Amino acid sequence: MRDVPEASTIIDGRYRVLSRVGSGGMADVLCAEDLQLGRKVALKLLHRRFAADEEFVERFRREASSAAGLQHPNVVSVYDRGSWDDTYYIAMEYLEGRTLKKVIVDEAPLAPERAIDLVTQILKAARFAHGRGIVHRDLKPHNVIVEDATPPARAKVTDFGIAKAGASDMTQTGSIMGTAQYLSPEQAQGHAVSGQSDLYSIGIILYEMLTGRVPFEGESAVTIALKQVNEAPVPPSHYNPALPPALEAVVLRALEKDPARRFADADEFLAALEAAQVVPAADTTQVLQGAAVAAAPAAAPLPTPEAIAEYRRHEVETGPAALAPGGDGDGGNRWWIALLVGLLVAGAIVGGLLLFGSEKVRVPGVVGNPQAEAQLALKNKGFETNVIPKESLSAPKGQVIGQDPAGGSRAKKGSTVDLFVSSGPGTASIPDLTGKPRSVARKTLLDLGMRIAEQRTASDDIKQNRVVATRPAAGQSVDKGTTVTLVISSGKARVKVPDVTGRNDQDARDELETLGFTVSVKKVEDAEKDPGTVLSQDPAGGATLAKGSTVTLTVAKEPPKVDVPDVTGHTEKFARDALKRAGFEVNVTDGDAPTPDDDGMVLSQDPAGGGQEKKGATVTITVGRFNPALNPEPGTTTPTTTPTTPGAGP
């Protein structure tokens with residue numbers, strides 16, 4: 001049982017767990033929010049049993065750092081790595097999509113065009129990594145995420161370099177069975193791996209996409225690994241008869257046991273896939289083996305069934321004697337048989353001469369060579385060439401990207417070899433995408449064969465997530481494959497709201513409107529503040545709003561004047577109630593009451609009763625407080641104290 005952080009757990013003070021995505025042999029995968037950058041990330045949290053192995057952790061750190069340097073459209077980005085709660089994590093790009101394994105389970109066999117498109121993207125990721133000295137070592141459809149909610153589907157490879165860190169512990173993981181199904185023979189034998197090991201794994205992925213099954217299965221990982229080393233795969237057309245022979249040939253070459261017989265690199269694999277889409281349908285055996293004997297040449301025409309029928313018809317109509325010398329019926333019948341046998345023998349002899357007399361030579365493999373070199377190599381072997389230009393985003397102009405017959409096959413000397421030659425990427429004009437939704441603009445450019453980068457900018461005129469401009473600009477003609485930057489509106493610019501409370505409403509309005517805000521004013525009566533004074537604002541100063549947003553000001557206005565009640569001679573309670581009903585605030589002070597009857601009574605008020613004041617103004621009342629010591633009643637005397645002299649007698 002592993003401890004998986006619950007939702008809302010904060011990891012390393014930065015990542016708040018949202019949900020659990022899945023689990024693998026090395027780590028749990030969590031969806032989390034990066035609290036610093038406000039974006040979703042995928043957190044790969046290492047199982048604690050690995051964290052106790054210092055050597056493993058060091059490999060994990062080193063490989064994660066290498067993977068973080070792979071910035072490519074078909075590679076899942078690695079953002080960060082760190083430690084938390086006695087284990088380690090990697091923060092990666094979070095993608096909304098399905099694993100390629102889920103796509104295969106749901107939809108296989110995939111159409112050849114779709115399978116080629118997805119595997120092409122995987123190969124581009126591998127090519128980029130291999131060029132930087134990084135081999136994946138664990139390529140399988142589980143490690144490919146397909147974003148297919150909005151076509152065209154984008155495939156992204158994850159876990160580059162991390163498989164190396166876990167290689168020594170693979171036999172202990174729960175994923176070894178799945179891994180063994182995609183393992184290259186050299187890996188299964190513990191030999192050194194190279195980029196061609198990844199190409200073998202990609203070949204199995206392509207096989208599975210086209211057939212819905214992997215080529216090697218078994219009850220244990222060891223059984224599967226032995227099959228990877230010793231058994232030839234069943235041709236995929238056995239499970240999918242509609243598979244084009246040229247594509248099947250590409251799959252089987254990728255699955256060669258000997259790395260030297262596979263594609264040399266991802267570029268060669270890509271070129272073969274591209275060529276497979278243009279090679280005409282051919283004999284399956286020829287395409288699969290790449291060196292099959294060409295179909296035998298046609299022999300001299302033998303008697304057809306129609307010709308034999310005509311002989312028999314003529315015999316019936318004229319009789320045997322008509323064909324026989326001297327009218328000998330038996331002899332005529334023998335003559336017809338002799339003639340037929342002679343024709344058959346002659347045809348066989350001519351056919352044999354043609355079959356064994358024609359010279360066949362091996363066709364040079366010229367895919368990847370410049371056109372001139374390819375034509376010279378074929379000419380030196382006695383072949384004619386037919387050049388067929390074809391646009392290619394990956395191959396430079398003038399490079400051979402396909403041939404028919406295939407290299408290694410045998411063909412008649414003097415026959416023609418079709419060469420499919422890259423004419424370069426071709427060109428396209430950048431369309432005007434201003435105001436178009438981001439998704440529409442991306443699809444338009446991808447359909448034109450462009451690569452895409454994005455940049456965000458504020459715009460007062462273009463709605464959020466729509467195109468502000470393109471670079472290069474609309475109307476320019478560029479090579480297909482050129483990166484076009486889409487400048488996408490992030491909405492109106494956001495501006496900090498100033499604090500205008502206490503200021504004159506007109507000054508406050510001018511400042512806010514200059515900054516691009518709309519101002520709404522709400523006036524309230526206030527007897528304390530000068531009319532026009534801003535009492536409050538919403539939102540408060542310091543908030544950040546988009547231009548055009550509304551700021552509401554609450555502004556003081558002068559209250560109306562009302563009659564001041566005369567409350568002198570009344571009790572304090574009566575005075576308070578009367579003044580409040582009239583709309584005044586009440587302030588109470590104490591005064592000296594001359595008699596007990598004046599105690600608690602209003603002796604005076606300010607302002608005096610009878611006049612008019614602003615509603616809400618303060619009226620001060622003085623309430624009497626009787627003090628007997630200061631106001632003795634008539635007929636009483638205040639006791640005095642006679643001092644006593646020490647020692648004096650009575």
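What you are looking at is a predicted structure, and each value in this text was computed from that prediction instead of being measured. No hydrogens, no waters, no symmetry mates; every other heavy atom, side chains included, goes into these values.
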Pi-cation contact, Phe269 with Arg262 (under 6.0 Å, within 45°):
no
Cationic tip of Arg213 above Tyr239 ring, under 6.0 Å, 45° of axis
yes
Pair Lys44 + Asp28: basic N to acidic O under 4.0 Å:
no
Under a 4.0 Å threshold between the charged nitrogen and the carboxylate oxygen, would Glu147 count as salt-bridged to Arg154?
no
Go through the steps for Val234 and Tyr207 under the test side chain to side chain contact (heavy atoms under 4.5 Å, CB included), then give the verdict.
CA-CA 10 Å; Val234 175; Tyr207 186 108; 4.0 Å; yes
Report the C-alpha distance between Glu93 and Val75 in whole Å, list the side-chain angles of each, state the deciding distance to 0.1 Å, and finish with yes or no for side chain to side chain contact (heavy atoms under 4.5 Å, CB included).
CA-CA 9 Å; Glu93 179 183 7; Val75 177; over 6 Å; no
Using side-chain heavy atoms (C-beta onward) and a distance below 4.5 Å, is Ile401 in contact with Val421?
no
If we ignore angles and hydrogens, is there a donor and acceptor under 3.5 Å between the side chains of [X] and [Y]?
X      : Y      : answer
Asp198 : His130 : yes
Arg127 : Asn74  : no
Tyr200 : Gln228 : yes
Gln375 : Thr385 : yes

Is there a side-chain hydrogen bond (donor to acceptor under 3.5 Å, both in side chains) between Ser392 and Glu274? Walk through the geometry before answering.
CA-CA 8 Å; Ser392 172; Glu274 192 164 11; 3.2 Å; yes
Can you give me the closest heavy-atom contact between [X] and [Y], atom names plus distance?
X      : Y      : result
Ile104 : Pro141 : CD1-CB, 4.0 Å
Ser197 : Glu186 : OG-OE2, 2.7 Å
Leu446 : Pro152 : CD1-CG, 3.4 Å

For atom NZ of Lys480, decide whether the heavy atoms of other residues, nucleotides or ligands shown that lie under 6.0 angstrom number more than 12.
yes
